[in-house]
Amino acid sequence: MRVAGRLTAKRVFGKLIFARLRDESGDLQVSFEKGVTESPVADLEGVKFAKKYLDLGDIIGVEGEVYRTQKGEVTVRVHRFQFLAKGLRNLPEKWHGLRDKELRYRHRYLDLVSRPEALETFRKMSEILQWIRRFFLERGFLEMPTPVLQPVYGGAFAKPFTTYSHALDTTLYLRISDELYLKRLLVGGYERVFEFSRDFRNEGIDRLHYPEFTILEAYAAYWDYHDMMRLIEDLFHDAVVAFQGSETLEYQGRTLNFQRPFRRMDFVEALAERLGFDPLQAPDSQLKQAAEQHGVDPRHPRHRLLDKLFDRLVGDHLQDPTFVLDHPLVLSPLAKRHREKPGRVERFELFVAGMELVNAFSELNDPLDQRRRFEEQLALRKAGDQEIPLEIDEDFLMALELGMPPAGGIGIGLERLLMLLLNEASIRDVLLFPQLRPRLEE
RNA sequence: GGGCCGUUAGCUCAGUAGGUAGAGCACCGGAUUUUUAAUCCGGGGGUCGCAGGUUCGAUUCCUGCACGGCCCA
């Protein structure tokens with residue numbers, strides 16, 4: 001048989017060598033024997049050549065016969081071999097692998113080469129991505145790529161990365177969201193669309209945040225947020241079953257239960273319960289006082305305080321998957337007004353393990369209301385909220401004016417979902433090549 | 001932005017109550033025909049993150065900086 005791989009172990013016994021060859025499928029032992037293994041060169045016997053010139057890290061191809069050693073291990077007795085690539089650098093330590101997180105992040109290839117667990121984690125990541133893609137395709141969603149470079153950024157609260165097109169002689173932004181483009185597709189006539197949207201937000205990095213990340217957005221015409229909740233329940237439940245083999249998931253030492261239905265909780269009621277007063281009726285002074293009391297910066301504008309207080313008092317503590325429902329209108333300029341609760345929208349967020357995993361609405365499709373809400377947002381921006389986009393996307397409003405069917409929409413924090421399914425504590429552990437500060441010597 | 005911790009050989013880590021450093025793996029040389037982190041003998045390899053300060057002398061003590069990790073904002 002013929003096989004190729006990287007040499008990851010080499011044990012020399014005089015006229016016999018055992019070596020381990022690793023390829024993507026795993027490890028295979030090969031042996032070089034005097035009188036059997038041909039030398040690639042004329043002036044040095046085969047085993048002597050292998051002893052002298054084969055190093056750990058080299059990639060070689062071998063040809064030989066399969067047998068079992070005295071200890072019973074399946075092994076290829078090498079008749080002929082050749083170098084396919086010479087490794088000029090030492091492999092990390094064979095027993096501990098690469099422990100230094102900085103080196104793992106900066107040189108992921110070293111991490112992958114030296115730790116089979118890392119190779120397995122990212123292989124599984126790829127399978128999860130395909131599984132999710134299939135989940136949407138099977139339900140009639142079309143995958144639609146939309147622009148990463150946008151003339152007006154919108155669809156979320158965030159500071160953008162700004163760039164410039166020489167060809168178009170105009171400023172462009174790396175998208176912070178693809179929401180307003182997928183909605184244009186609903187206007188155009190597609191009823192179910194989705195995109196793995198690589199988004200860019202020029203903000204801090206921590207366990208849960210990274211400037212370049214992925215939101216899986218999906219929109220379905222004639223659905224509302226209740227329909228979307230059922231879809232999300234199915235997605236999370238089925239993903240956990242598919243990749244864990246049960247309805248529970250071990251995450252960072254906790255057992256999370258994904259049995260349906262997930263718990264549901266009203267945003268305002270839950271927050272009121274923890275605060276001891278109604279946050280929507282309360283004067284600013286009372287909210288600021290509560291913020292101070294709970295370690296939230298009270299200088300945030302009122303609408304941000306609501307959001308931050310909720311995360312601090314409620315969201316951070318939600319372990320098993322929980323839908324938080326019906327947010328205050330001011331926090332959600334793209335969501336439809338609630339059909340019963342005044343001052344609220346039809347929206348949900350899914351929290352798991354204290355993380356916000358999903359954000360979803362019954363989408364606002366009233367162009368007049370949308371314009372009014374954008375203008376209110378603009379006023380908040382001018383009052384100092386830097387995370388609100390500076391400009392109104394007039395082209396998007398024009399699309400709405402043409403008529404967008406009522407729709408349900410979701411955004412899933414993809415890396416966070418991967419963190420859950422791969423049991424990783426930090427977003428950087430599910431990113432292949434996370435960016436770090438440049439080192440001076442490099 | 002703040003707090004704590006870390007940075008010593010290619011990797012994993014010791015260490016020096018201040019006198020310029022060690023181990024294992026890896027690498028080089030030797031022995032070895034059944035190993036599984038093989039073993040045995042020998043060898044080479046370090047601006048001890050960077051810059052100042054204290055000191056006769058700093059990798060070690062102090063300060064600042066850089067990079068990273070964890071936690072907080």
Side-chain angles (χ1 to χ4, degrees), chain A residues 6-22 26-37 44-58 64-78 86-118 203-210 252-253 288 291-300 304-305 307-309 311-313 316 354 386 424-429 431 434-442:
Chain A
R6 189 185 297 276
L7 202 69
T8 57
K10 181 182 168 194
R11 294 178 286 275
V12 180
F13 301 87
K15 303 180 178 83
L16 168 73
I17 301 172
F18 287 109
R20 187 170 59 216
L21 219 49
R22 175 171 296 167
D27 291 342
L28 173 69
Q29 179 162 278
V30 298
S31 66
F32 301 80
E33 294 174 36
K34 186 169 188 193
V36 175
T37 304
L44 196 59
E45 185 272 323
V47 170
K48 280 190 176 149
F49 179 91
K51 202 157 113 182
K52 190 163 169 56
Y53 293 113
L54 273 187
D55 292 324
L56 300 193
D58 293 346
E65 85 216 54
V66 179
Y67 73 109
R68 271 181 193 277
T69 63
Q70 290 178 8
K71 297 282 173 68
E73 175 144 358
V74 172
T75 301
V76 173
R77 184 181 283 121
V78 175
K86 180 73 187 155
L88 295 182
R89 285 179 181 267
N90 286 327
L91 254 29
E93 217 252 359
K94 65 180 175 185
W95 189 240
H96 300 99
L98 194 63
R99 285 197 156 168
D100 187 317
K101 280 199 165 190
E102 183 174 355
L103 290 179
R104 285 185 188 174
Y105 295 152
R106 282 191 199 278
H107 310 290
R108 182 68 83 186
Y109 47 88
L110 266 180
D111 188 23
L112 296 170
V113 160
S114 62
R115 288 195 315 131
E117 315 91 274
E203 293 167 358
I205 297 176
D206 62 25
R207 192 174 80 83
L208 297 175
H209 298 88
Y210 187 77
Q252 302 292 303
K288 283 187 195 305
E292 211 136 5
Q293 190 184 333
H294 294 105
V296 172
D297 187 344
R299 289 168 301 181
H300 285 294
R304 290 257 162 275
L305 280 184
D307 204 24
K308 305 235 179 243
L309 278 169
D311 287 347
R312 172 60 54 88
L313 294 175
D316 290 353
Q386 298 282 315
E424 295 290 351
S426 166
I427 190 167
R428 271 184 286 204
D429 295 320
L431 295 167
Q435 203 76 44
L436 301 184
R437 278 198 165 86
R439 296 179 86 166
L440 291 177
E441 59 264 39
E442 283 179 346

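Because the structure is predicted, anything quoted here is derived from the model rather than measured. Chain identifiers are assigned alphabetically (A, B, ...) following the order of the sequence lines, protein sequences preceding nucleic acid strands; residue numbering begins at 1 within each chain.
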**Complementary nucleotide for B/G19 - Watson-Crick or wobble, under 3.5 Å** = B/C56

**Asked** Which part of the nucleic acid, if any, lies within contact of A/R437, taking any heavy atom under 4.0 Å across all strands shown: a base, the sugar-phosphate backbone alone, or nothing?
**Response** sugar-phosphate

**Prompt:** Rounded to whole angstrom units, what separation is found between the CD atom of A/E93 and the P atom of B/A9?
**Reply:** 14 Å

**Nearest-nucleotide pick for A/T69, side chain only, options being B/A38, B/U36, B/G69** = B/U36

**Prompt:** Separation of A/L56 atom CG from B/A38 atom P, in whole Å?
**Reply:** 9 Å

**Request:** Taking all non-hydrogen atoms of both residues into account, name the closest pair between A/V78 and A/T37 and its distance.
**Result:** O-OG1, 2.7 Å

**Given B/A73, B/C11, B/C70, the nucleotide with the shortest approach to the side chain of A/D297** = B/A73

**Request:** Kindly point out which of B/C71, B/A73, B/G68 is positioned nearest to the side chain of A/D206?
**Result:** B/A73

**Asked** Is there a Watson-Crick or G-U wobble partner for B/U63 with both distances under 3.5 Å, and which nucleotide is it?
**Response** B/A51

**Item:** B/U34: pairing nucleotide in any strand, Watson-Crick or G-U under 3.5 angstrom
**Value:** none

**Message:** Assess the residue pair A/R108 and A/D111 against the criterion (salt bridge (charged side-chain N to carboxylate O under 4.0 Å, His left out)); give the C-alpha distance rounded to whole Å, side-chain angles, the decisive distance to 0.1 Å, and a yes or no.
**Reply:** CA-CA 5 Å; A/R108 182 68 83 186; A/D111 188 23; 2.8 Å; yes

**Message:** Does A/G97 reach a base, just sugar-phosphate, or nothing at all? Heavy atoms under 4.0 Å.
**Reply:** sugar-phosphate

**Asked** Among B/U33, B/U36, B/C11, which is the nearest nucleotide to the side chain of A/P92?
**Response** B/C11

**Item:** Which nucleotide in B/G69, B/A38, B/G24 has an atom nearest any side-chain atom of A/F13
**Value:** B/A38

Could you go over nucleotides 29-31 of chain B and give all protein N or O partners under 3.5 Å, atom names and distances?
unit_1	atom_1	unit_2	atom_2	d
B/G29	OP1	A/K52	NZ	2.9

**Message:** Nearest whole Å is fine: how far is B/C25 P from A/R11 CZ?
**Reply:** 14 Å

**Separation of the P atoms in B/U12 and B/C65, to the nearest angstrom** = 27 Å

**Message:** OP1 or OP2 of B/A26 versus the side-chain N and O atoms of A/K94: is any pair under 4.0 Å?
**Reply:** yes

**Request:** Classify the glycosidic conformation of B/A37 as syn or anti, calling it syn when the angle lies within 90° of 0.
**Result:** anti

**Item:** A/K48 atom NZ, over 12 foreign heavy atoms within 6.0 Å
**Value:** no

**Message:** Counting C-beta onward and ignoring hydrogens, is there a side-chain heavy-atom pair between A/R22 and A/V113 closer than 4.5 Å?
**Reply:** no

**Request:** Please determine, for the side chain of A/D55, which listed nucleotide (B/A26, B/C67, B/C28) has the closest atom?
**Result:** B/C28

**Request:** Flag the pair A/R77 and A/E33 as a salt bridge only when some basic side-chain nitrogen lies within less than 4.0 angstrom of an acidic carboxylate oxygen.
**Result:** yes

**Asked** What closest approach, in Å, do A/V74 and A/L28 show between heavy atoms, and which atom pair accounts for it?
**Response** O-CD1, 4.3 Å

**Message:** By the 4.0 Å heavy-atom rule, please label A/R312 as base, sugar-phosphate, or nothing.
**Reply:** sugar-phosphate

**Message:** For a quick test of reading the model: is some side-chain N or O of A/R20 closer than 4.0 Å to OP1 or OP2 of B/U36?
**Reply:** no

**Message:** Please classify the nucleic acid contact of A/R77 as base, sugar-phosphate, or nothing, using heavy-atom distances under 4.0 Å.
**Reply:** nothing

**Prompt:** Given atom CG of A/D111 and atom C1' of B/G69, what is their separation to the nearest angstrom?
**Reply:** 15 Å

**Request:** Hunt down the Watson-Crick or G-U wobble partner of B/C70, both distances under 3.5 Å, from any strand shown, or write none.
**Result:** B/G3

**Touch class at under 4.0 angstrom, heavy-atom based, for A/L110 against every strand present** = nothing

**Prompt:** Just checking A/L103: base, sugar-phosphate only, or nothing, at a heavy-atom cut-off of under 4.0 Å?
**Reply:** sugar-phosphate

**Asked** If we take the C1' atom in both B/U16 and B/G46, what is their distance in whole Å?
**Response** 15 Å

**Item:** Watson-Crick or G-U wobble partner of B/G45, both distances under 3.5 Å
**Value:** none

**Selected nucleotide, minimal atom distance to A/E33 side chain, candidates B/U34, B/A26, B/U12** = B/U34

**Fill in**
When every non-hydrogen atom of A/S31 is compared with those of A/L16, the smallest separation belongs to CB-CD1, 4.3 Å

**Request:** Please lay out, stage by stage, how A/L103 and A/L110 fare under the test side chain to side chain contact (heavy atoms under 4.5 Å, CB included).
**Result:** CA-CA 8 Å; A/L103 290 179; A/L110 266 180; 5.5 Å; no

**Message:** Suppose we call a contact any N or O donor and acceptor under 3.5 Å apart; does that hold for the side chain of A/E73 and the base of B/U36?
**Reply:** yes

**Message:** Quick one, A/K101 with A/R428, criterion side chain to side chain contact (heavy atoms under 4.5 Å, CB included). Give me CA distance, side-chain angles, the key distance, then yes/no.
**Reply:** CA-CA 10 Å; A/K101 280 199 165 190; A/R428 271 184 286 204; over 6 Å; no

**Who pairs with B/G24 - Watson-Crick or G-U, where each distance is under 3.5 Å** = B/C11

**Asked** Touch check for A/K101, heavy atoms < 4.0 angstrom, all strands: base, sugar-phosphate only, or nothing?
**Response** sugar-phosphate

